2 protein chains.
Amino acid sequence: MAAKTKADKMARSARASTGKARAARLKREPGKPLYAQVEEIIRRRLIDNYWKPGEMLPSEFELAHELSVSQGTVRKALNDMVSENLLERRQGRGTFVSEYTERRALFFYFNLIGPDGVRAMPVSKILACEQRNATEDERNRLQLAIGDSVIALHRVRSLGDSPAIVERLTLPQKFFPGLGNETRLPENLYRFFQGEYGITVAKATESVRAVAADPLEAQLLSVMPEAPLLEIDRVAVTIDGRPVEWRLSRCNTSDYRYVAERG
Amino acid sequence: MAAKTKADKMARSARASTGKARAARLKREPGKPLYAQVEEIIRRRLIDNYWKPGEMLPSEFELAHELSVSQGTVRKALNDMVSENLLERRQGRGTFVSEYTERRALFFYFNLIGPDGVRAMPVSKILACEQRNATEDERNRLQLAIGDSVIALHRVRSLGDSPAIVERLTLPQKFFPGLGNETRLPENLYRFFQGEYGITVAKATESVRAVAADPLEAQLLSVMPEAPLLEIDRVAVTIDGRPVEWRLSRCNTSDYRYVAERG
DNA sequence: TAGTGGTCTAGACCACCTT
DNA sequence: AGGTGGTCTAGACCACTAG
């Protein structure tokens, strides 16, 4: 994916010149550091898919020359964006736009782990998929207007042979043209969003609480009605802060735990 | 707390020279960056309480001179430690050792929030406090040996007038000499640890799951037996990685949520 | 061997806080 | 006014990766 052909390289150079023409030459602005302006420009190009996931950016030196700043300033901007997980840098290789790999997805967006500390990709079965107008809750969570359409998914996910999670997903229709009443979707949804719709999920906010299983959930998860379930409420947003998914998961945590680091 | 008197300053200078004598002059080591060595030295001094919480460190220039490296190298080390929450830097003021303030404690170590998004400090009531030998679970969590003694606390914490959390705390006796069968402890425990025992909690690992309330918990929290509760399992560790507290909290999350950021 | 990022230095100037 | 950290530059050398 990261391998570069000569054609790729030439295409990139061609775009680079249009980029140079487009980018106003950076000038000192009071109260706004140069490196912040560099970050904005790079962020903009990521949002516009000018540099695509997995692609290599120009070297520090090239960027510095293009934007008329020093290499050190570009370096600070790039390193800042690495800590936002937008870029990855490897000594001797280059700077790359982050991709959703299986490993990344597991690490960042699936923090249920088994008693042995191992994370496993779940297997999903879609129970229902419909298009309809957003409810009030959905409009609030996803910043939608009255009358906006959403795709609503209902699915069960299994961890190690047994059903463990019941999940309701809501996606704004406008971000996913052509995605209709699917019965089959890939397990790694965020990579699918990125590959098929150019939607890059950059981060997510989650909150969790304990709830009692309703009869349907109890049946789907093979637990007693009223059994305690862990509810995970997640809103995923793009690099530019637009919410693209609301996910409400209810998990049987008798064998799994949700982990977090503090400090 | 951060205000500096002349006496403070002179005491610091006096210690600084002993520090200089102690610290081997830094030299290039293959495979180990200079800034990493600077970090180690500073970290060591924090662990030894050579610089105490709230205290100001020498300026970049002074540290650079003392360790015979450039100011930029010291800067990188200090900024790295800021992102670990060990230090705080403020333009025009100086670099300070992090303290547990009320605000910090709430933000980092109390992530239950109300429906309005507000965090409130809970009020605790201690039900029991005993000294005894560590159980096997406790030995594993706190890295203790057979026969090591612990202080075990059982308490109920209220959020906004109603009891919301039942908590069991286990502290290795060896870290808290003289702490016995207390019935009264301050609400901000980590600041208490720091002030009274020189124990600085640097980070914590938490995992959560949903459980059913047992009869005692149900009574203490005024919920039905078997009601779903959020269990938070936390191990807090010091700067040098020694576990100093195991905390098992069971929370009524009908009004509160546990939040996390991903990405 | 050429090109990349990683480290390190030295020095300039700015923004902010304290006195 | 003097001291602090924040920004920015320019250039040197090292470590790693690739062809």
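Protein chains get the first letters and strands the later ones, always in sequence-line order, with residue 1 at the start of each. This one's a predicted model, so the numbers in the text were calculated from it and none came from an experiment.
In this structure, of C:dT9, D:dT7, D:dT4, it is D:dT7 that holds the atom nearest to the side chain of A:Pro33. Residue A:Ser59 has its side chain nearest to C:dT4 when only C:dT9, C:dC17, C:dT4 are considered. The side chain of A:Ser70 lies closest to D:dT9, out of D:dA15, C:dT9, D:dT9. In this structure, the nucleotide among D:dT17, D:dG5, C:dG6 sitting nearest to the side chain of A:Asn79 is C:dG6. Distance from the side chain of A:Leu34 is smallest for D:dC8 among the nucleotides D:dC8, C:dC17, D:dG6. Here D:dT9 is the nucleotide among D:dT7, D:dT9, C:dT4 with the atom lying nearest to any side-chain atom of A:Val69.
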Let me see the working for A:Leu57 and A:Val97 under side chain to side chain contact (heavy atoms under 4.5 Å, CB included), right down to the final yes or no.
CA-CA 7 Å; A:Leu57 268 62; A:Val97 183; 3.6 Å; yes
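Put simply, B:Arg90 has no side-chain N or O that comes within less than 4.0 Å of OP1 or OP2 on C:dC17. In terms of phosphate contacts, B:Arg89 brings a side-chain nitrogen or oxygen within less than 4.0 Å of OP1 or OP2 of D:dG6. One finds no side-chain N or O of B:Thr73 lying less than 4.0 angstrom from the OP1 or OP2 phosphate oxygen of C:dT7.
The base of C:dG6 sits with one of its N or O atoms less than 3.5 Å from a complementary donor or acceptor on the side chain of A:Arg75.
Between the P atom of D:dG5 and the CE atom of B:Met81 lies a distance of 15 Å, rounded to the nearest Å. Atom CE in B:Met56 sits about 15 Å away from atom P in C:dC17, given to the nearest Å. Atom CD in B:Glu39 sits roughly 11 Å away from atom P in C:dC8 (whole-Å rounding). C:dC8 atom P lies 9 Å from atom NZ of B:Lys76, rounded to whole Å.
Nearest-nucleotide assignment on DNA chain D puts the 5′-proximal partner with A:Tyr35, out of A:Gln71 and A:Tyr35. Ranked by how close their nearest DNA chain D nucleotide is to the 5' end, A:Gly92 and A:Val74 are led by A:Val74.
Of all nucleotides present, none satisfies the Watson-Crick or G-U wobble test against D:dG19 with each distance under 3.5 Å.
Listed here is the closest heavy atom pair of A:Ser98 and A:Pro53: O-CB, 3.7 Å.
No donor-acceptor pair closer than 3.5 Å links the side chain of A:Glu39 to the backbone N or O of A:Met81. Here the side chain of A:Gln143 pairs no donor or acceptor atom with the backbone of A:Arg242 at under 3.5 angstrom.
In this pair, A:Phe193 and A:Phe176 present their aromatic rings tilted. The plane angle is within the 30 to 60° band.
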